[in-house]
Amino acid sequence: MQYRKFGNLDGVEVSALGFGCMRLPVVSREEKDVIDEDRAVAMVRHAIDQGVNYIDTAYPYHEGQSERVVGKALKDGYREKVYLATKCPVWMLKKQEDFDQYLEEQLEKLGVEYVDFYLLHALNRQRFEEIVKKFDLISCMERAKAAGKIRHIGFSFHDDLEVFREIVDFYDWDFCQIQYNYADTEEQAGTAGLEYAASKGLGVVIMEPLRGGKLAVPAPHLAEVFPKEKKPAEWALDFLWNRPEVSVVLSGMSTEQQVEENLEYASRSHVGMLKEEDMEMYCRAGEIFNTMALVKCTRCEYCMPCPSGINIPEIFSIYNRTATDGKNAAKELYKAQETKADACIRCRRCEKVCPQHIGISAMMLEIQEEFQD
Ligand code: SF4
Ligand code: SF4
């Protein structure tokens with residue numbers, strides 16, 4: 001394993017690869033929130049045995065079950081080997097006191113005395129103004145730190161560059177977590193945000209390095225941009241490890257094979273590992289990806305479950321395939337879906353939580369029209 005600096009935090013060195021616990025293995029496709037605990041625990045422990053020292057979870061992952069399973073994985077001496085990160089579900093806070101309640105619940109589920117890295121989860125303009133500022137969550141974080149319940153203060157982010165800069169400047173954060181990959185250099189915080197945060201001394205944690213897996217199994221005309229000497233996932237991860245501003249790259253690993261492959265890629269990683277001509281290739285690949293993707297869904301599943309039973313990320317994934325596989329092939333897949341886009345009742349519950357700000361209910365209308373006979 002390779003280790004990297006974490007912003008200005010003295011004495012903290014994080015593994016190049018972090019284990020993101022939002023896509024742990026599940027017992028079956030039908031029961032997506034029932035984690036296959038034995039497999040998940042074995043995978044997390046194996047990664048730690050191989051040098052991974054950053055474990056990332058959050059209150060809502062796997063419908064609230066991720067933290068409990070992470071706690072299980074960190075028993076038997078594993079807690080002491082890692083930095084543990086989890087996140088305050090800011091959108092669930094109705095008053096300031098809720099902060100302490102959630103933190104206590106999280107510590108209990110994780111079975112730990114403290115977390116190393118505590119983040120205000122998925123900040124955007126509205127949550128920043130109406131929750132973080134209104135309830136003075138920074139004071140809550142500082143009190144929790146003084147009480148020894150959290151060690152370092154950060155936030156994760158889904159909005160645009162202007163909002164990102166504003167939040168970075170608002171407080172003397174230890175770190176931040178941003179969505180970044182070769183297709184998102186101009187999206188959300190983007191390259192400019194990454195550089196800005198690092199210049200201010202923040203450790204930068206990268207999420208969605210493979211855009212919900214789409215960069216690991218790219219469409220054929222995207223895959224052919226990359227030489228075959230590395231797999232597409234390795235090319236995508238190397239793009240991140242190449243940059244000095246990046247501290248740790250989180251991968252939401254779901255299989256033993258993904259863990260093995262990522263460990264191998266991380267062991268070869270270092271700052272400045274790419275050549276100048278490689279960068280042109282990533283630019284081209286990013287452009288192709290962005291013209292192909294009709295809906296920028298990362299399959300995070302925050303929008304699930306939908307009260308009408310629509311598998312929202314699956315419907316979007318199928319719709320996106322019209323650009324790569326053609327409309328007829330996508331339509332066949334769409335027809336096989338038990339609940340289709342026309343079941344949407346426009347409650348917009350999903351839109352309140354979608355970190356990509358997708359107009360989901362409007363998209364459902366568009367998709368239904370596209371695929372109707
Ligand atoms: S707006 Fe439509 S897709 Fe979204 S949660 Fe409501 S019913 Fe489901
Ligand atoms: S629609 Fe939004 S919330 Fe739902 S899976 Fe896609 S990115 Fe996540």
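On a predicted model such as this, the values are computed, not experimentally measured, just so you know. Each ligand, and each atom within it, is numbered from 1 in the order the structure gives.
Of the candidates T298, I360, V295, T298 brings a heavy atom nearest to atom 7 (S) of ligand 2. Comparing S361, G359, C344 against atom 2 (Fe) of ligand 1, the shortest heavy-atom distance belongs to C344.
The residue E351 has no part lying near ligand 1, judged by heavy-atom distances below 4.0 Å. Under 4.0 Å from ligand 2, the heavy atoms of R299 that appear belong solely to its backbone. At a heavy-atom cutoff of 4.0 Å, ligand 2 is contacted by the backbone of E301 but not by its side chain.
With 2.8 Å as the limit, C354 counts as an N, O or S neighbour of atom 2 (Fe) of ligand 2. Atom 8 (Fe) of ligand 2 lies under 2.8 Å from an N, O or S atom belonging to C300. Under 2.8 Å from atom 4 (Fe) of ligand 2 lies an N/O/S atom of C303, whether from backbone or side chain.
Taking every non-hydrogen atom of P307 and a distance limit under 4.0 Å, the qualifying atoms of ligand 1 come out as 5 (S).
For K340, the NZ atom is densely surrounded, since the number of other residues' heavy atoms within 6.0 Å is greater than 12.
Between T86 and L107, every side-chain heavy-atom pair lies at or beyond the 4.5 Å cut-off.
Remark: minimum distance from atom 1 (S) of ligand 1 to any protein heavy atom is reached at R348 N, 3.1 Å.
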